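All heavy atoms count here, side chains included; hydrogens, waters and symmetry mates do not. Because the structure is predicted, anything quoted here is derived from the model rather than measured.
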Amino acid sequence: MANLNLPVSVGIVLAIVAAGTGGLIAAGFMAVETTLMMVLPSMLAFAAVVFLIGVKHGEYRANAR
């Protein structure tokens, strides 16, 4: 099992968001400005919320034994 710490975990989350944003820009579904001003901030906000929920669930699981 991987031993993840906060900087590595945040880096992984940011890499996933960057890959998704890059894919949307490369696909050309919408204007680049729209992607960067509307989609990217919502992806970052969602990633932050899910990351925090995941950390708290992991803490719960670690302490529940």
If Ile, Leu, Val, Met, Phe, Trp and Tyr residues are connected whenever their side-chain heavy atoms lie under 4.5 Å apart, and connections chain through other members, are [X] and [Y] in the same group?
X: V39; Y: L44; answer: yes
X: L14; Y: F51; answer: yes
X: V32; Y: L24; answer: yes
X: L6; Y: V13; answer: yes
X: V17; Y: V10; answer: yes

Practice item. Might you point out which heavy atoms bring L36 and L40 nearest each other, and give the distance in Å? Key: O-CB, 3.8 Å

Check your understanding: Quick check: does any side chain N or O of T21 sit under 3.5 Å from a backbone N or O of A18, one acting as donor and the other as acceptor?
Key -> no

Review point. Could you give the distance from CD (E33) to CD1 (I25), rounded to the nearest 0.5 Å?
Key: 9.5 Å

**Study point:** Heavy atoms of other groups near M38 CE, more than 12 under 6.0 Å
**Key:** no

